[in-house]
Amino acid sequence: MTAPELAAETTYRDALREAIREAMIEDERVFIMGEDVAEYGGTYAVTKGLYKEFGRDRVRNTPLSEAGFVGAGIGAALGGMLPIVEIMTVNFSLLALDQIVNTAATLRHMSGGQFHIPVVIRMTTGAGRQLAAQHSHSLECWFAHVPGLRVVAPATVTDARWMLKAAMADPDPVIVFEHNGLYNSSGPVLPGPVDLTTAEIRRPGTDLTIVASAGMVSKSLEAAEQLGDRNVSAEVIDLRSLRPLDRATLAKSVEHTSRAVVVDEGWRSVGLSAEIAAGITEDCFYRLDAPVCRVASREVPIPYPRHLEDAAIPQVHDIVAGAMTVMTGSLADV
Amino acid sequence: MTAPELAAETTYRDALREAIREAMIEDERVFIMGEDVAEYGGTYAVTKGLYKEFGRDRVRNTPLSEAGFVGAGIGAALGGMLPIVEIMTVNFSLLALDQIVNTAATLRHMSGGQFHIPVVIRMTTGAGRQLAAQHSHSLECWFAHVPGLRVVAPATVTDARWMLKAAMADPDPVIVFEHNGLYNSSGPVLPGPVDLTTAEIRRPGTDLTIVASAGMVSKSLEAAEQLGDRNVSAEVIDLRSLRPLDRATLAKSVEHTSRAVVVDEGWRSVGLSAEIAAGITEDCFYRLDAPVCRVASREVPIPYPRHLEDAAIPQVHDIVAGAMTVMTGSLADV
Amino acid sequence: MTGPQTKLLRDMIRIRVFEERCAELYGQQKIRGFLHLYIGEEAIAAGVISQLTKDDSIVATYREHGHALIRGIPATEIMAEMYGKAAGCSGGRGGSMHLFDAERRFLGGNAIVGGHLPLATGLALADKMLHRKGRVTACFFGEGAVAEGEFHEAMNLASIWNLPVLFCCENNLYAMGTSLQSSESETNLSLKASSYNMPSWSVDGMDAEATAGAASRALDTVRGGGGPVFLEFRTYRFRAHSMFDPDLYRKPDEVAKWTERDPISTFSAQLTSAGTLTQEHIDRLWVEASQETQDAVDFAEAAEWEPVENLEDHVGATDGASVVLV
Amino acid sequence: MTGPQTKLLRDMIRIRVFEERCAELYGQQKIRGFLHLYIGEEAIAAGVISQLTKDDSIVATYREHGHALIRGIPATEIMAEMYGKAAGCSGGRGGSMHLFDAERRFLGGNAIVGGHLPLATGLALADKMLHRKGRVTACFFGEGAVAEGEFHEAMNLASIWNLPVLFCCENNLYAMGTSLQSSESETNLSLKASSYNMPSWSVDGMDAEATAGAASRALDTVRGGGGPVFLEFRTYRFRAHSMFDPDLYRKPDEVAKWTERDPISTFSAQLTSAGTLTQEHIDRLWVEASQETQDAVDFAEAAEWEPVENLEDHVGATDGASVVLV
Ligand SMILES: Cc1ncc(C[n+]2csc(CCOP(=O)(O)OP(=O)(O)O)c2C)c(N)n1
Ligand SMILES: Cc1ncc(C[n+]2csc(CCOP(=O)(O)OP(=O)(O)O)c2C)c(N)n1
Ligand SMILES: [Mg+2]
Ligand SMILES: [Mg+2]
């Protein structure tokens with residue numbers, strides 16, 4: 001391992017684009033398709049300019065037909081290509097779930113391992129932009145439920161750069177969730193490669209473990225700072241991979257801290273936060289000083305107005321409040 | 001409350017049909033639609049014969065177009081009808097999720113409460129019939145995640161009869177999961193009405209709470225019998241409603257027993273069992289003598305051969321084993 | 001100044017003025033989220049909706065401010081909705097993309113492309129099953145929706161069940177940056193309708209009298225029990241897809257060619273040269289529209305925010321206030 | 001006895017005998033789950049697949065035993081798959097509905113109606129992008145799939161991208177108990193293809209020479225870079241939809257009319273009366289097919305079950321054994 005060099009600042013969006021570019025240069029079988037990925041450059045400008053470099057064959061616009069082009073991506077992968085399929089947002093992926101679950105996730109198994117499907121499906125996720133109920137879903141948990149899929153959610157510029165690269169090297173379907181709030185975030189790209197499966201401690205701490213992913217990582221880090229002012233030392237773990245979950249890293253942390261808060265932008269019930277809470281409890285039951293606290297979205301379709309949207313999804317103060325419950329809950333018990 | 005009378009034995013299938021019939025007789029706005037619900041009588045024969053009584057308008061065959069006819073059901077509900085939409089199986093509901101999540105679950109909220117959607121969507125769920133990876137899903141957890149939906153899973157003949165009736169009286173979208181293994185089960189129909197939200201203790205016990213639903217209830221009852229032989233008194237709770245979850249009933253039981261096993265035919269990760277385990281732990285943390293144990297499906301697309309399918313989904317011996325872990329786990333700790 | 005021609009012109013002007021103001025308000029961050037302007041396409045909503053009765057239903061897309069205005073939802077309530085205020089026509093929960101009004105049978109404001117076609121089909125199914133003779137559901141959608149499977153399934157259902165739906169395809173040639181040419185293997189959209197055995201024709205979507213005439217003719221068929229009709233309105237949006245779109249994919253001369261056909265200025269010129277209206281009359285329409293919009297802004301500004309405690313309202317039945325359409 | 005006519009007849013007989021036996025084995029509970037027989041429709045698989053090269057790919061439905069056999073997957077491996085044995089062509093994991101064979105470019109065995117059309121389109125896209133000139137993906141599906149949105153989306157993509165797909169619609173008039181008449185507003189399926197600007201024609205699906213001829217003609221177009229072609233094969237299934245179907249929805253005289261047109265007996269009669277084959281020859285084909293099927297049953301009976309410890313194999317990459325098609 002060489003020591004990490006600090007690269008120039010770049011954005012999450014540009015890091016994703018660079019990963020795609022590199023893959024397209026390195027391997028002719030790589031192509032990207034989706035709605036308006038060519039001239040338009042993708043709704044979130046991730047593919048901006050790529051069609052000039054690689055042409056409209058390899059930066060391929062599709063009609064509005066999510067099931068069709070996701071299925072075509074799966075087929076193209078079976079046929080020897082290495083497709084990256086961009087679904088504008090997770091909200092529209094509902095139209096393609098049959099293809100993703102009934103074909104991409106099952107075909108290797110159904111065929112007795114004869115076929116694999118090296119497709120990468122990228123999609124934007126998350127609320128926070130006042131796009132209201134049909135455009136603000138965080139359904140990562142649905143995908144994380146399905147055997148046969150790998151599900152990742154890069155939260156940093158470095159992960160955007162290298163996880164996408166790793167996803168493309170993976171022989172099986174990988175779902176990449178890109179949080180809409182991260183595209184403009186910037187930072188250095190540390191040297192790769194990175195893996196697709198381990199969680200990462202973003203801030204060490206001793207009193208409490210905060211588990212988050214994607215758009216919730218920076219809020220958790222901010223909450224950890226505020227908790228520091230209250231003499232609570234919070235460790236913040238970025239899940240990175242939503243399937244499989246790196247339970248070992250979580251367990252190791254909680255073995256230390258004895259307390260955990262899980263932060264999830266998805267709805268609370270039957271979501272990712274439930275799995276993480278259950279998993280931590282299974283692994284660390286006899287170490288836990290308080291029940292794992294879930295800070296997740298309120299059980300409501302995301303409303304349009306800023307103040308209601310803010311109230312619906314986890315904010316820094318909610319994380320701090322959750323953490324304080326866990327801290328005092330245990331005190332009450334001691 | 002009048003004392004429950006024992007009605008004649010009937011099957012789960014016939015009880016569902018009777019509920020539909022009654023509703024159609026009582027209210028002209030009720031109709032049922034789906035693939036082959038008319039002459040064919042539905043894949044699982046639930047609607048058998050109804051077209052003769054009510055005609056092909058109200059027992060309405062649809063083309064193979066799950067998104068289309070589920071959406072039409074939602075629209076018809078908005079337009080003043082009381083539609084029952086039959087999706088053959090949950091496997092094909094993947095094609096209709098956009099309609100269910102983006103329209104049915106959001107429209108009341110998006111419109112500021114102006115509209116409600118009194119649609120009932122019935123579908124068969126579960127594995128166990130050697131139908132392999134594309135026809136054996138148990139995706140109840142996905143639906144249970146979504147605010148704006150009500151999700152129920154009747155496990156008894158009585159619940160089949162009265163929960164379907166209650167679902168049809170509900171002003172909002174209700175998803176009714178019918179487990180394929182239950183259609184031929186039979187028993188008396190106890191008098192209704194029943195509610196759509198509470199869990200029910202199917203077998204009282206003192207040492208351990210087993211939480212199950214739909215196809216897993218009878219397996220859990222059998223496991224409880226076997227546990228009795230080992231001097232473990234297991235309480236078995238049938239969830240009945242998957243959204244909302246009746247956490248109060250679960251908590252009350254676990255406050256007594258201090259131990260819980262959750263049985264779920266869905267895949268283990270990020271599924272219903274995680275929510276139940278997390279919820280029980282949140283509610284009863286300081287009472288639990290052992291971590292809640294999850295007995296769920298293995299993380300694999302369901303394979304065709306009997307022995308592999310059996311191994312993939314929870315069996316009685318798995319439940320017993322899970323229960324014994326919880327019992328001895330706590331002993332080890334004591 | 002109250003003939004049908006004046007009404008058409010007035011309605012188009014009302015939309016134009018309202019939306020120009022919306023664009024400004026977006027710049028001022030009074031309106032947030034996505035905002036899709038209908039500017040250039042006003043003749044379609046004005047013409048088609050002029051032919052609907054109050055018993056008909058309307059189902060539209062996220063590009064629906066015009067339809068909502070013409071349908072009679074007060075500009076005040078629409079604007080308050082765009083602000084996200086509780087007095088908005090959707091209680092502020094929906095915003096620009098989700099205008100609803102039960103009383104006026106206006107069902108959105110739907111933001112999944114193609115997703116509302118099955119819903120429209122279902123509304124028509126209810127009307128048919130409940131023997132509400134003569135009622136129609138008018139469903140508006142862009143040409144981009146034609147590639148979606150949900151379009152196809154809804155067309156087939158509406159046709160096979162002979163339902164009273166008027167499918168109004170607003171073909172503005174682009175779905176975001178994607179031209180119809182590049183997204184449909186067959187760009188003659190009437191052939192799509194034919195493959196469902198559905199009558200269809202194409203209409204100049206820049207001419208409000210033409211759209212009204214076509215709608216009237218189509219509605220005769222639909223109301224008479226002739227089943228669904230598909231109308232393709234050829235139009236153009238003068239603005240970018242949404243406020244996020246840099247609009248780099250359309251050639252300036254194409255835009256110029258279409259803006260020459262501005263449905264408001266051409267119709268104004270036609271009416272003045274025919275002597276139906278004077279320029280003074282027309283100026284007054286603009287002034288009235290500005291006043292209506294200003295009143296709407298004032299209303300929206302003064303309106304209250306929904307209390308945050310009410311966040312979880314309207315998720316499921318809590319009271320008897322919500323309706324289905326009777 | 002080795003000309004193309006004999007091969008067509010032999011192939012149809014092989015399917016017939018194999019499947020008659022499958023029906024028996026289902027009664028004996030050797031085969032479980034769903035079992036969909038192709039009996040009556042053999043002329044389609046026999047004819048079309050006779051025109052494919054080993055570099056072409058095949059994507060089929062759950063009613064695919066015939067296609068698999070004709071493609072050259074050994075009957076032994078197919079039967080072992082129906083039993084769920086490890087020696088099956090899908091390692092026993094798939095069963096009747098999910099026959100796969102990478103070597104023979106046979107991609108299922110797909111059980112979501114319409115779900116495999118996008119997949120076929122994608123395979124063809126790969127062939128095109130990788131400049132594998134002349135290669136074709138043949139995609140088989142029932143007429144029921146035509147109502148699904150995924151059909152529509154795949155047709156449009158294949159056409160707009162000019163992909164080498166041969167869409168083979170096996171129109172047996174019913175989707176389970178639902179007749180085409182009652183599920184499609186336009187039953188002339190060629191119009192569907194036209195609405196995607198795709199050439200199409202209808203073929204007598206009970207005549208193996210006709211199906212082979214049509215496939216050959218269509219494949220010329222497709223291989224030559226002319227883009228996808230849609231073929232409608234008019235056929236009939238002689239058995240119920242699946243072993244669970246009581247088959248009460250078809251009129252006896254309709255069934256009788258079609259069984260008179262049994263593709264095997266009519267072709268046999270034609271070949272004997274033309275003097276191409278003697279009855280003795282034909283009898284021998286039946287005997288050989290019986291032997292092949294018997295060998296398959298023996299093989300399947302003797303084959304091993306997958307050890308239960310391997311349950312979680314083939315969920316994700318654990319080794320390098322799986323392939324993509326080159
Ligand atoms: C299913 C789905 N996919 C993608 C989008 C993103 N999107 C919103 S509007 C739009 C273009 C739609 O074009 P068209 O139907 O022609 O309507 P127009 O905007 O031109 O009025 C797209 C791609 C969406 N809302 N829904
Ligand atoms: C999406 C979906 N919906 C429903 C089913 C259940 N189903 C299986 S086969 C079938 C009939 C299909 O008919 P068709 O496409 O004509 O093919 P055929 O069986 O006649 O060969 C149905 C409804 C399914 N497998 N997939
Ligand atoms: Mg458009
Ligand atoms: Mg058929």
Side-chain angles (χ1 to χ4, degrees), chain A residues 66-67 91-92 94-95 97-103 105-110 132-134 137 139 141-148 242-245 266-267 269-279 281-286 288 290-294 298-304 329 333, chain B residues 66-67 91-92 94-95 97-103 105-110 132-134 137 139 141-148 242-245 266-267 269-279 281-286 288 290-294 298-304 329 333:
Chain A
E66 285 77 5
N91 310 287
F92 317 140
L94 298 191
L95 293 160
L97 282 172
D98 170 53
Q99 294 296 322
I100 296 173
V101 174
N102 280 326
T103 306
T106 62
L107 206 137
R108 181 193 273 268
H109 191 80
M110 290 195 309
Q134 293 185 329
H137 294 309
L139 288 170
C141 65
W142 280 19
F143 296 83
H145 178 59
V146 180
L242 308 183
R243 182 178 187 90
L245 284 167
W267 290 306
S269 289
V270 202
L272 203 59
S273 68
E275 175 61 38
I276 295 162
T281 308
E282 283 164 355
D283 294 338
C284 310
F285 182 72
Y286 300 104
L288 281 174
V292 177
C293 171
R294 290 187 274 170
R298 299 277 291 274
E299 309 262 349
V300 59
I302 305 295
Y304 162 67
D333 193 52
Chain B
E66 285 78 4
N91 311 285
F92 317 139
L94 297 192
L95 292 160
L97 282 172
D98 170 53
Q99 293 297 322
I100 297 172
V101 174
N102 281 326
T103 305
T106 61
L107 207 138
R108 181 194 271 268
H109 192 79
M110 290 196 309
Q134 292 184 329
H137 294 307
L139 288 171
C141 65
W142 281 18
F143 296 84
H145 179 59
V146 180
L242 308 183
R243 180 178 188 93
L245 284 166
W267 292 304
S269 289
V270 200
L272 204 60
S273 67
E275 175 62 37
I276 296 161
T281 308
E282 283 164 355
D283 294 338
C284 309
F285 183 72
Y286 301 103
L288 280 174
V292 178
C293 171
R294 290 187 274 170
R298 299 277 290 275
E299 309 262 349
V300 60
I302 306 296
Y304 162 66
D333 192 53

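Values reported hereafter were calculated over all heavy atoms of this structure, with side chains retained and with hydrogens, waters and symmetry mates removed. By convention in this document, chain letters (A, B, ...) are assigned in the order of the sequence lines, proteins followed by strands, and residues within each chain are numbered from 1.
For A:Leu139, the part lying near chain B is the side chain, with the backbone staying farther off; criterion is any non-hydrogen pair under 4.5 Å. With a 4.5 angstrom heavy-atom cutoff, A:Ala67 does not touch chain B via any of its atoms. Contact of A:Val146 with chain B is made through backbone and side chain together, with heavy-atom distances under 4.5 Å. The parts of B:Ala133 that come within reach of chain A are both its backbone and its side chain, each placing non-hydrogen atoms under 4.5 angstrom from that chain.
Heavy atoms only, all atoms of each residue included: B:Ala277 and A:Ala278 are closest at CB-CB, 4.1 Å. Residues B:Pro291 and A:Phe285 share a closest heavy-atom pair of CD-CD2, 3.3 Å.
In this pair, A:Phe143 and B:Trp142 present their aromatic rings tilted. The plane angle is within the 30 to 60° band.
The backbone N or O of A:Pro147 sits nowhere less than 3.5 Å from a side-chain atom of B:Glu299 that would complete a donor-acceptor pair.
In terms of heavy-atom pairs under 4.5 angstrom with chain A, the leader among B:Leu107, B:Asn102, B:Leu97, B:Leu242 is B:Asn102. Contact count against chain A (heavy-atom pairs under 4.5 Å) is highest for B:Leu94 among B:Asn91, B:Leu94, B:Ile276. Highest contact tally toward chain A, considering only B:His145, B:Glu275, B:Arg298, B:Arg294, is held by B:His145 [criterion: heavy-atom pairs under 4.5 Å]. Put simply, of B:Glu66, B:Glu282, B:Gln99, the one with the most heavy-atom pairs under 4.5 Å next to chain A is B:Glu282. When each of A:Thr103, A:Val300, A:Leu288 is checked for heavy-atom pairs under 4.5 Å with chain B, A:Val300 comes out on top.
Put simply, CD1 on B:Ile302 and NE2 on A:His109 are 8.0 Å apart, with the number rounded to the nearest 0.5 Å.
Side-chain contact between B:His137 and A:Val101: present, with at least one pair of heavy atoms (C-beta onward) separated by less than 4.5 Å. Counting heavy atoms from C-beta on, the side chains of B:Val270 and A:Arg243 never come closer than 4.5 Å.
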